[in-house]
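Worth knowing before you read on, the calculation uses all heavy atoms, side chains too, and leaves out hydrogens, waters and symmetry mates. As the structure is a prediction and not an experimental result, all values here were calculated from the model.
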Amino acid sequence: MDDPSSASNKHKRKRGRKPKASPPFPDRSSPSPSAAPAPAGRRGRKPRRHEAPADADATRPPSPPRRGEPKPVANGGDVVAVAESGPASWDEVVRVVPCMDAVVKVFCVHTEPNFSLPWQRKRQYSSSSSGFIIGGRRVLTNAHSVEHYTQVKLKKRGSDTKYLATVLAIGTECDIALLTVNDDEFWEGVSPVEFGTLPALQDAVTVVGYPIGGDTISVTSGVVSRIEILSYVHGSTELLGLQIDAAINSGNSGGPAFNDRGKCVGIAFQSLKHEDAENIGYVIPTPVITHFIEDYKKSGEYTGFPILGVEWQKMENPDLRKAMGMKPDQKGVRVRRVEPTAPESGCLRPSDIILSFDGVDIANDGTVPFRHGERIGFSYLVSQKYTGEKALVKVLRDSKVHEFKIRLATHKRLVAAHVKGRPPSYYIVAGFVFAAISVPYLRSEYGKDYEYDAPVKLLVKHLHAMAESPDEQLVVVSQVLVSDINIGYEEIVNTQVLAFNGQPVKNLKNLATMVENCKDEFLKFDLEYDQIVVLETKTAKAATQDILTTHCIPSATSDDLKA
């Protein structure tokens with residue numbers, strides 16, 4: 001996580017009243033920005049606990065160690081965590097030290113898009129986080145550490161030189177980024193980190209990085225306390241993760257977690273900030289890291305983690321199983337809905353019972369065997385595949401067993417969780433600013449608690465609606481730039497556009513094309529809540545240029561809509 005140089009209080013940001021403070025802390029171990037961007041929260045309305053980046057506490061003074069906790073001890077300029085119990089932890093540190101030279105400090109300058117005023121960008125800010133060198137002249141760090149980057153530099157341990165880095169790939173869902181440096185001097189005298197296997201519960205882990213509290217490398221130690229499918233705050237997705245009790249603070253983001261043999265078993269990326277929890281950190285495990293690296297090797301870019309495009313229901317109730325025609329020895333989960341844009345929509349149907357995935361039987365609670373004495377959600381099996389690969393799915397339908405070979409694809413959300421570096425789209429006519437809804441847009445308008453503060457109808461579609469076609473978008477009137485032509489419409493804000501001149505609006509480009517090509521006397525927009533907007537076509541289009549000039553807007557259409 002990155003340590004923000006500054007942090008803001010919880011602001012419920014409303015349109016037109018945005019405080020000139022740095023953005024709220026992300027719920028992930030983010031880079032240490034001067035102002036860290038707020039991450040996407042979990043879907044659904046759950047209690048407001050924050051899984052924050054390691055830098056989320058950047059502005060809090062470090063608390064003194066409690067009894068029984070490791071105490072920092074100086075060791076040749078490096079801070080090394082040494083337990084009071086003594087020799088055992090010293091042995092662990094000695095094993096890990098040879099790998100520490102491969103841990104680097106990541107400096108990034110970010111320039112975030114302004115989703116509320118999409119024709120401009122926000123003020124740039126800087127952050128610092130951690131990373132580490134792997135084979136093939138590559139460096140791994142967190143995706144949120146280099147999000148919306150304009151410049152990335154790396155500094156090796158003990159060096160006074162910052163080297164310009166090139167971002168090769170950003171894995172938004174898994175919160176991993178791959179970097180490289182063209183300067184040969186950077187790679188001299190450094191041995192790459194080697195990866196270990198997935199650790200077991202209670203295995204010792206050592207997190208190495210450059211967190212808040214100092215400029216030199218820092219080491220914290222702990223054990224693996226839980227292995228399960230976790231919510232990745234930055235990626236708004238769920239993948240395998242490790243929970244550890246080693247401290248992960250702001251700036252730790254992207255740093256490696258070593259086992260007691262000096263092998264890397266994960267990447268620090270977020271922590272749990274809650275009044276009832278202490279020292280809960282999360283690490284991206286090696287299976288997820290390996291998937292990201294292999295995906296890049298196969299396709300030359302990051303293609304994502306596939307999903308099974310269905311919503312499902314547990315089958316733990318015996319009466320429900322009996323009514324669905326399941327035999328006593330059959331187990332599985334019931335399909336509630338199938339994503340219309342997913343390849344599965346061609347073969348799976350609502351009320352199908354998924355019995356197994358790629359030959360692995362699924363239990364009535366949706367879990368599959370993992371390791372000795374452990375079970376895990378069957379989505380883990382899906383996430384181990386690569387985009388475009390096929391999987392054998394066995395289903396029960398009308399008391400008969402069917403088998404389907406399904407091609408797996410990534411998730412197409414109606415409300416996108418990320419824009420993946422692209423500038424936001426917009427279209428302006430007669431002062432009406434039209435935009436497509438995304439999670440970054442909602443966060444820009446309503447703050448990080450947008451799931452509580454945004455309009456209910458938009459939230460329902462964000463949480464539950466499914467896209468009917470791959471290019472479908474929710475288009476809204478973002479705001480109305482006041483002018484004589486739009487008198488009476490000034491209070492329309494973030495209201496969905498359903499149709500234009502009687503034609504349904506599929507996406508923002510579709511709306512812009514229809515308006516530009518309109519030859520009718522009037523422009524008529526049908527909005528949510530049974531509102532309508534009517535403007536005379538000729539005068540509306542003529543007034544647009546004056547409005548753009550007044551507000552210093554370079555174009556009525558974003559570049560991506562001009563193509």
Side-chain angles (χ1 to χ4, degrees), residues 4 6-28 30 33 35-53 56 112-118 120 122-123 144 147-148 231-237 270 272-275 413-419 424-426 432-465 473-481 489-498 508 527-531:
S6 63
S8 60
N9 298 327
K10 283 190 176 180
H11 294 289
K12 292 189 177 177
R13 291 185 281 180
K14 301 293 183 181
R15 173 173 293 289
R17 295 180 177 268
K18 297 183 182 175
K20 294 185 180 178
S22 51
F25 286 122
D27 293 340
R28 58 183 184 267
S30 41
R42 295 192 182 194
R43 290 168 66 90
R45 301 192 173 218
K46 297 183 179 178
R48 300 192 190 186
R49 65 176 188 173
H50 296 290
E51 289 178 6
E112 230 183 306
N114 189 332
F115 289 89
S116 297
L117 302 172
Q120 63 186 33
K122 295 181 181 178
R123 185 185 183 91
H144 69 259
E147 186 179 28
H148 304 304
S231 176
Y232 281 43
V233 173
H234 177 73
S236 296
T237 188
Q270 66 188 32
L272 180 64
K273 302 300 178 186
H274 191 270
E275 58 186 7
R413 290 189 170 132
L414 180 59
V415 177
H418 289 272
V419 295
S425 305
Y426 69 91
F432 285 78
V433 181
F434 297 96
I437 289 292
S438 64
V439 171
Y441 176 86
L442 292 174
R443 196 182 300 118
S444 174
E445 291 287 290
Y446 301 102
K448 69 177 180 179
D449 288 329
Y450 66 89
E451 289 191 339
Y452 298 89
D453 299 332
V456 172
K457 289 207 172 188
L458 291 183
L459 287 178
V460 167
K461 289 171 182 175
H462 162 47
L463 296 173
H464 304 295
Q473 292 176 321
L474 287 184
V475 179
V476 296
V477 177
S478 174
Q479 62 174 308
V480 179
L481 305 174
Y489 297 134
E490 303 92 336
E491 295 182 1
I492 298 177
V493 174
N494 290 331
T495 304
Q496 186 182 354
V497 183
L498 303 177
L508 188 56
L527 309 182
E528 193 70 89
Y529 309 107
D530 297 318
Q531 296 183 83

- [ ] Show your reasoning for whether side-chain contact (heavy atoms from CB on, under 4.5 Å) applies to Glu528 and Leu458.
- [x] CA-CA 10 Å; Glu528 193 70 89; Leu458 291 183; over 6 Å; no
Task: Atom of Tyr489, atom of Val480 and distance for their closest heavy-atom approach - done: O-CG2, 3.4 Å
TODO: Hey, could you give me the CG/NE2 distance between Leu474 and His462, rounded to the nearest 0.5 Å?
DONE: 10.5 Å
TODO: Taking the side chain as every heavy atom from C-beta outward, state whether Val493 and Ser478 have any pair of such atoms under 4.5 Å apart.
DONE: no
- [ ] Looking only at non-hydrogen atoms, find the nearest pair between Asn114 and Ser444 and report the distance.
- [x] OD1-OG, 4.4 Å
Task: Phe434 and Val477, any side-chain heavy atoms less than 4.5 Å apart - done: yes
- [ ] Determine the minimum heavy-atom distance between Leu508 and Gln473, stating which atoms define it.
- [x] N-OE1, 3.0 Å
Task: Close side-chain approach of His148 to Lys122, heavy-atom, < 4.5 Å - done: no
TODO: Enter the distance from Gln479:CD to Ile492:CD1 here, rounded to the nearest 0.5 Å.
DONE: 12.5 Å
TODO: Kindly indicate whether the side chain of His418, heavy atoms from C-beta on, has any atom under 4.5 Å from the side chain of His234.
DONE: yes
Task: Contact summary for Ala454 and Leu442, nearest pair of heavy atoms - done: CB-CD2, 4.3 Å
Open item on the list: Test side-chain hydrogen bond (donor to acceptor under 3.5 Å, both in side chains) on Glu445 and Ser116; report intermediate values, then the result.
Closed with: CA-CA 6 Å; Glu445 291 287 290; Ser116 297; 2.4 Å; yes
Task: Close side-chain approach of Ser236 and Arg413, heavy atoms under 4.5 Å - done: yes
Open item on the list: In the structure I gave you, are the side-chain heavy atoms of Tyr450 and Val439 within less than 4.5 Å of one another anywhere?
Closed with: yes
Task: Those residues that, when tested against Gln496, pass side chain to side chain donor-acceptor pair (under 3.5 Å) (two or more places apart) - done: Lys461
TODO: Quick one: pull up CG in Leu498 and CD in Gln531 and give me the separation to the nearest 0.5 Å.
DONE: 10.5 Å
Open item on the list: Taking the side chain as everything from C-beta on, heavy atoms only, tell me whether Asn494 gets closer than 4.5 Å to Tyr441.
Closed with: yes
